[in-house]
Every structure is written in C-alpha cells, then in structure tokens.
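Written below as structure tokens is the structure these notes are about.
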Amino acid sequence: MSFDFQSALNEAQWEAVAYCDGPSLVIAGAGSGKTRVLTYKIAYLISQGMMPWQILALTFTNKAAREMNDRIAGVVGEEAARQVWSGTFHSIFARILRIEAAYTGYPSDFTIYDASDSLSLIKSLIKEQGLDDKVYKPRHIASLISEAKNALILPAQYQSDPTIAHRDRIANVAMAGKLYALYNQRLKAANAMDFDDLLLQAWLLFEQHPDVMQRYRERFRYILIDEYQDTNAVQHQIVRQLAATDARVCVVGDDAQSIYSFRGARIDNILGFQSQYPTTRLIKLERNYRSTQTIVNAANSLIRHNKSQIPKEVYSQQEQGEPLKVFQTYSEKDESAKIAGEVHRLHMRESVPYDQIALLYRTNAQSRSFEETFRTMGIPYRIYGGLSFYQRKEVKDLMAYFRLVCNSHDEEAFKRIINYPARGIGQTTLGKIQTAATASGMSLWQVCSAPEDFGLALNKGTKAKLQNFVALMVSFRERLHSESGSVLATEIIRRSGIGAELQADLSPEGISRRENVEELLNAIKANEAEVYEETGNDRVLLTDYLAQVALLTDADEKEDTTPRVSLMTIHAAKGLEFDTVFVTGLEEDLFPNANAKLYPREMEEERRLFYVAITRAKKRCYLTYATSRFRFGKMEFGHVSPFIREIDARFLDQSQGQPSGRFSSPPSSSGFSSRPSFFSSKPSVPQMSKPTMRPVASTPAGPSLQSNGTLSVGMRVAHERFGKGTIEALEGTGDSAKARVNFDNAGSKNLLLKFARLTVIG
C-alpha cells in the first residue's frame, strides 16, 4: 500500500500518526482533525506491517465507529478495514464476552437487555418487594444501579458502603442496595446482561482471569481510544488492564470538551494519563480548521479561566472573521424574537442556509419560546436529538389534563390520563369503558362517571378508583371559570400527583422533565401577563391558553429534506458544526447553572460546556441573554452570565447590549427562586403581580391625538418583556388610555398604559 501520509497532514498531525513506539496522549483542540488522525494512524500501522486484527480502536458512538471504518476503508481497502477491531466500547466487549463465555458464567448467546427491558425488570422487583413505586421510582433506581456498575461497585460492596447507605437513606430509598442485588440475580437467571454489564463483566473477566487478559494484551499490539475525556471509571480501568504502562496505546481527546460528568465521565482520566503512563509522548493538535480566528481567540480567552486543564494554544489560519455579537434582550420572548429576526436577515440578505444555523441552549425546556416564535414567523426548524416541546411526554400529559378539564368529552385526553399517574385503572377497565361508550354512543367520560348505568361489570375497588378520578376532575372543572389558568394548572400539577412523581425522579432525565413542566407553567403565566397589560384582565382562563397554543401542539414535524434551523442543547451539539451559532440564555443560575457557584469543579465543567458551544461556530457566533425571564411561574430578574465577561472584550461586539452585572427590577421582585412552587411540601400558588406605574396625564381622546401626557406618537420606549419599540398611536383617557407600540422584535401591541411597564428611551 502506497499512500503519502505526511503530505496529507500538518506537522502535529503527522507526529501523532507516526509515533507508535509507546503511549501517546493526543490533545485535539476543537476542529483540529482528530478523526483524520485516528483513521490515518490505523492505516499507517497497517502500512508498516501490522495486521489489521492486531489493532483495537474504541469509540463512544456507533456513528463515530461507522465514520472511522468508512475512512479506514478509503485508505487501506474494505477487506483490511473489516479486520480491524473497531467499534464502540460496548460492541467490542460484548464480542469478547461471547468469545470467552467459558470464563464468564454466561452462555455465549446471552441476551442483552436494553434500557426498557431493564426498567421493566426493576418495576417488577419494586412491586414484588412491596415498595411504593412513587418513592422507589424505577428510573431513579435504574440510574443508581447504572452509576454503581460504571464505578465498578458490585451489589455486596454497594450494600456495605456506609457513604452509599447514608445517601440512599437521605433520598428515602434505603432498599436500593437490595434491589440492585435482586436485579443482578434476575439478570443472571435470565442469561442476560444489561448495557452496563457489557463493560463491568469484561473488567471482571480480565480481573479474575489474568491469563485471558494477557492473551488480549498480546493480541492487541496497538490500542486507540477516541474521546478519552469522556471515559468513565470502568472504561478507564479496562484500558489499564489491556495496556501495560509501556504499552503502545494512543488516547485522543480534549480536556476542554469534557462535559459529561453527569453520565459518569471523569476528566481526571485524561488529565492523569501522563502520570499513569510515565513514558507518554504528549502531542497537541492546536490548529483549528473549522472556525475564524476571532471565534478561536474568544474561546481560548474563556477556557483559560479553568485551573484543571492541559494548557494549549489553539489557533486558526482561517479568515479573521467578525467579533462575537452580544445581544442583550428584555425577556425570553424578546430574546426569541430578536434571534428569529436575525435568522431571517441572515437567510434572506446573506444567503445563509437554514440548516447552517443552530440555536444552542443549556436546558431542553428553553426550546419552547424559540419554537413558538419560529412557527409564528414561518422559520423552519427541527429539534435535534429530541422532541419538540409540546411533543414531550410530560408536556403532553399535562396538556391532556388541561384538555379534559376544559372538555370532558375529549376521548384522547381521557385515555392518556385515566391511569396517569398510576391509580390502578388498567387496560381491562379502559377496554370495558370504551366498549360501553361505543355501544351507547356516549363519551368515555359519561360512561366513567356512571358505569352502573351502562351495565359495566366492575368490582368494588375499581368502581372506587373511577369515582376518585371523576371527583378529582370535577373539582378541577368547578374552578375552571373562577380561577386563572396558572392557578388551576398549579393545582392540577399538585393534586394529580404529577408534581410528586416528577420530584421523586432524581435522574438527569427526571430533572429535564421537571424543567419542561416548569416551563409550561411559565408559558401560561407569561400569556396571562401579556393579556393583563393589553386588557387589564388579571384572570385569564385555562381555556384561553389552550385556544392559543392549539396549533403549537400539532405534530407537524414531518421527515423531509427541507433545510431547517437546528435547535438543540449544547450537550447534543458536541461534534457538530454550523456556519452560524446562537448561544442563548446566558444568565447566571441558568448558564452556568445554579449549583455551579457552590462547586468549583462543576463551574469548570459549565465553562467547558460554553467553550464547546462557541467552537461549534465556523463564521458567526451570537451570545444572547435576557434581563428578565419567567421562571418558576413568575418574572425573575438576575445577573448576566459571568462567562460573557470572561471572554476578552477585543473579540466581542457589545453594541447590542453591555453586560453590567445585576439587572434592575421592580421593588416587588425577590430574585431567583430556588425551586418551583408545585414541588414544595406546601405549594404556594403564583399570583399575578400588578405593577405600580408612574401616572400618565389624561388628555382628550380622538383620532388626531398625538400625545398623552409624557408620551407622544413617534417616541421610543422600552418594555421589560417586548423590548424596544416606537409608539404608533395613543387613544383613550384615564384608566382606559392605550398605546399601540410597534416593538422592534415582538411586533405591534396594544397596551393599557395603566398596566404597561413602558420606559421612555428617546
């Protein structure tokens, strides 16, 4: 095979490819071509006489494995590429466990349980042990077991560890250790392993059978690991088992992009690699081929604030590029409108394709405001790596409650929530209700409300459960026209049991679900605030909100090839790149998150997350923040993210907003809340705050009116949620005085001056 590797690589890349005599640590900065180095290194090893099957290449995702295999085949041919042991950690070690079945105690055809299989088994165990599944949430128990396995903690050690026992008692799941032991026993009895076992059992295989470990050490003459900063404890230990201290092992990664500690990733694995392998050669890939010089310099100036890192100076030889634009906005509504306007401008005036634009946010819940604005403006978008806000299960569950409260005959809503949260009304009972409803031409609700009138054969217990459900929904419906939507929604979250269920789920997914429910309540409250300022009505009903969002809940995201703006969390964006990137919600307690200020290691990871966000951009990067935001059901005012101030000002364009610490707020503002009211032990209901405004002098009404006290047509004003705008018209007197304001980003609004928070700016 003849291939000129050196001419296809820069100097640092060539060094990383050519050095094969001992351990090497390749620190690959963002956009530095690490995949190219990995694939060329494998091809180079083969060109130097190493057999393909003597090379082990480990990746983290199937996508990365496929890309690597395709690139290897492009250089050395498909036959040689197929013989390389290249794949994800899980696929490679599942293969080894099947080969070495005689040593593992499992048959070679063992079953692999996926996440849903594991969850189903855990649910069964909780039920069998007579435990309350509202306390012993199956997902939480599953996450505890997974965390233990990835930390190499077996059931016996788990149950005897006082620190773990204390943690579980505090979380009210003292029986978690027993459930872990029972879970493992049932897996073994079923000749099954879960995904975490594929690594844990591989580690045990090598730990308990040194002869087997030595055989694989000799077989794999070279080991390569991609994204080493993302390895957890068990992955790190398996690498140590297979690679002696002087072994030929090459790990590639970037400590500045270590952002998955919540999944068990340990940055210390890459930071401490050189101490574990003293003869390591450190090679730094510092040339960025993706981004402009300005974007790279801005990212460098940010990440220098981290203490725990391997120093490097990433540089770019691309064009200088424009500075990162900082957008100060007045609220999440103004933020989404301003971004949508800029997206429209980039697409129409600068011909930037929609699919080369990405909006990144810290939490999934933040997508809601962007989705609503983009739909209104007709900007095509997609949620990358997830569901649209109104298609997320917890949001659809609550919307179904709202719909059934507003319309008792809503069949789909009824079927969705009749047994959610679980109240012992199973599919058999629902089937009987459906059969009776079809036969009588009545709705499911009507049959459920009076089952005996329709001849339903139900036992006493089932009848009682149906009666309790009906009573609950009737109690909500009785308040439908007397209370505002946000008050009733809060009660539904609390009394339905949804709030308690979500609070009990401590997994990362559970936290995300709570954030989505909080954001739904925020949306209802924000809508009420807008109606209040336009009409003075401080009791907007739940039916009014449902009518407004009906079109937004349509599942209209069809699979097609239409270019779309990508909306995603920053975690989902890792490994991707776009012409233009908007990093949104850059406010303290949102990004970085509220816990980060208490834990230096967490603050450093949040900073690395911001670094990842910035370095997704090739040409343009926007940083946006809001001076106020609906959080936990009320308007909050807070601090701009310290991360913006950490970027060297030379690389920023702050003409659209100057970060200056804490934002001003009305006297009634109490700052950021620690948690939403419906997760408190004694839920408080968020109330509409009625602002006290300076009086506006009354003037005669009429079509030719040009002024109203201190306000006049053409005057520039600012509003705390809609942003800046121009007064187009004034009408009315006294409490009825109104202004029509054309806001720069939010469009035209008719506001009652008595309630509108307008500030004259010119």
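For the single chain, residues carry numbers from 1 onward in sequence order.
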* Residue Arg139 excluded, over 12 heavy atoms near CZ under 6.0 Å -> no

* **Sub-4.5 Å side-chain heavy-atom contact between Ser367 and Ile383** => yes

* **Parallel, tilted or perpendicular: rings of Tyr228 and Phe273 (30°, 60°)** => perpendicular

* Side chain Ser143, main chain His140, donor-acceptor under 3.5 Å -> yes

* To do: Determine whether Tyr315 and Gln293 make a side-chain contact, defined as any pair of heavy atoms from C-beta on separated by less than 4.5 Å.
  => no

* **Sidechain N-carboxylate O distance under 4.0 Å for Arg167, Glu147** => yes

* Do Arg601 and Tyr599 meet the cation-pi criteria used here (NZ or CZ under 6.0 Å from the six-membered ring centre, within 45° of the axis)? -> no

* Do Arg629 and Phe637 pass the side chain to side chain contact (heavy atoms under 4.5 Å, CB included) test, and can you show the C-alpha distance, the side-chain angles, and the key distance before you say yes or no? -> CA-CA 7 Å; Arg629 187 178 294 272; Phe637 299 81; over 6 Å; no

* Asked: Hey, is Glu530 close enough to Lys333 for a salt bridge, meaning N to O under 4.0 Å?
  -> yes

* Asked: Can Asp648 and Arg650 be counted as an ion pair, charged N to O under 4.0 angstrom?
  -> yes

* Under 3.5 Å, is there a donor-acceptor pair linking the side chains of Arg375 and Tyr381? -> yes

* **For Phe582, the option from Phe370, Tyr361, Tyr622, Phe327 that meets ring-ring contact (aromatic ring centres under 6.0 Å, His included)** => Tyr622

* Asked: Does Leu271 reach the side chain of Asn269, with side-chain heavy atoms less than 4.5 Å apart?
  -> no

* To do: Could you tell me how the ring of Phe722 sits relative to the ring of His719: parallel (under 30°), tilted (30 to 60°) or perpendicular (over 60°)?
  => parallel

* Between Glu519 and Asn522, does any side-chain donor sit less than 3.5 Å from a side-chain acceptor? -> yes

* Is it true that Arg716 and Asp744 have a side-chain N and a carboxylate O under 4.0 angstrom from each other? -> yes

* Residues in side chain to side chain donor-acceptor pair (under 3.5 Å) with Asn745, at least two apart? -> Asp334

* **Name of the residue among Thr329, Thr624, Thr373, Thr584 meeting side chain to side chain donor-acceptor pair (under 3.5 Å) with Glu335** => Thr624

* To do: Give a yes or no on whether the backbone of Ala30 and the side-chain of Asn288 come within a donor-acceptor separation of less than 3.5 Å.
  => yes

* Lys597 and Asp589: salt bridge (charged side-chain N to carboxylate O under 4.0 Å, His left out), yes or no, with the steps? -> CA-CA 9 Å; Lys597 66 180 70 173; Asp589 290 349; 3.2 Å; yes

* Report, as yes or no, whether the 6.0 Å neighbourhood of atom NZ on Lys393 holds more than 12 heavy atoms from other residues, nucleotides or ligands. => yes

* Will you find, in the side chains of Glu371 and Ser388, an N or O donor that is under 3.5 Å from an N or O acceptor? -> yes

* Structure fact -> Exactly one of Lys34, Arg608, Lys312, Lys574 clears salt bridge (Lys or Arg N to Asp or Glu O under 4.0 Å) with Asp254, and that residue is Lys312

* side chain to side chain contact (heavy atoms under 4.5 Å, CB included) partner of Cys621, chosen from Val583, Leu360, Thr294 -> Val583

* Asked: Is the closest side-chain heavy-atom distance between Arg616 and Glu577 below 4.5 Å?
  -> no

* Structure fact -> Smallest heavy-atom separation, Val612 atom then Ala256 atom, equals CG2-O, 4.5 Å

* Asked: Is Glu604 reaching over with its side chain to a backbone N or O of Ser308, donor-acceptor style, under 3.5 angstrom?
  -> yes

* To do: May I ask you to decide if the ring planes of His571 and Tyr260 are parallel, tilted or perpendicular, using 30° and 60° as cut-offs?
  => tilted

* Counterpart residues, ring-ring contact (aromatic ring centres under 6.0 Å, His included), relative to Phe89 (two or more places apart) -> Phe60

* Sequence neighbours excluded, which residues qualify as side-chain contact (heavy atoms from CB on, under 4.5 Å) partners of His347? -> Tyr354

* To do: Tell me, please, whether Phe743 has Lys724 positioned over its six-membered ring: NZ or CZ under 6.0 Å from the ring centre and within 45 degrees of its axis?
  => no

* Asked: Will you find, in the side chains of Glu394 and Asn516, an N or O donor that is under 3.5 Å from an N or O acceptor?
  -> yes

* Asked: Is there a side-chain contact between Ile647 and Leu623, using heavy atoms and a 4.5 Å cut-off?
  -> yes

* Arg304 vs Asn300 side-chain heavy atoms within contact, under 4.5 Å -> yes

* Just checking, any donor-acceptor pair under 3.5 angstrom between side chains of Glu509 and Ser512? -> no

* Asked: Does atom NE2 of His344 have more than 12 heavy-atom neighbours from other groups under 6.0 Å away?
  -> no

* **Check: Glu528/Ser486 side-chain N/O donor and acceptor closer than 3.5 Å** => yes

* side chain to side chain contact (heavy atoms under 4.5 Å, CB included) between Thr759 and Val717, worked out -> CA-CA 5 Å; Thr759 303; Val717 294; over 6 Å; no

* Does Glu372 reach the main-chain N or O of Ser369 with its side chain, forming a donor-acceptor pair under 3.5 Å? -> no

* Are Tyr611 and Gln257 close enough that a side-chain donor and a side-chain acceptor fall under 3.5 Å? -> no

* Asked: So, are Arg620 and Glu350 salt-bridged, with charged N and O less than 4.0 Å apart?
  -> yes

* Asked: Cation-pi between Lys525 and Phe630: NZ/CZ under 6.0 Å from ring centre and within 45° of the ring axis?
  -> no

* Do Leu144 and Val173 touch side chain to side chain, with heavy atoms closer than 4.5 Å? -> yes

* Would a 4.5 Å heavy-atom cut-off, applied to side chains only, mark Lys618 and Thr292 as touching? -> no

* Over all atoms of both residues, closest heavy-atom pair of Ile761 and Ala718 -> CG2-CB, 4.0 Å

* Test side chain to side chain contact (heavy atoms under 4.5 Å, CB included) on Phe402 and Ile524 and set out the steps. => CA-CA 12 Å; Phe402 299 164; Ile524 298 170; 3.9 Å; yes

* Should Glu322 and Lys619 be marked as a salt bridge (charged side-chain N to carboxylate O under 4.0 Å, His left out) after you check the CA-CA gap, both sets of side-chain angles, and the distance that decides it? -> CA-CA 8 Å; Glu322 54 193 64; Lys619 293 184 179 179; over 6 Å; no

* Side-chain donor-acceptor contact under 3.5 Å, Gln503 with Glu501 -> no

* Asked: Would Arg513 and Asp505 satisfy salt bridge (charged side-chain N to carboxylate O under 4.0 Å, His left out), going step by step from the backbone distance to the final call?
  -> CA-CA 9 Å; Arg513 283 189 282 272; Asp505 188 348; 2.5 Å; yes

* Electrostatic pair Lys338-Glu342, nearest N-O below 4.0 angstrom -> no

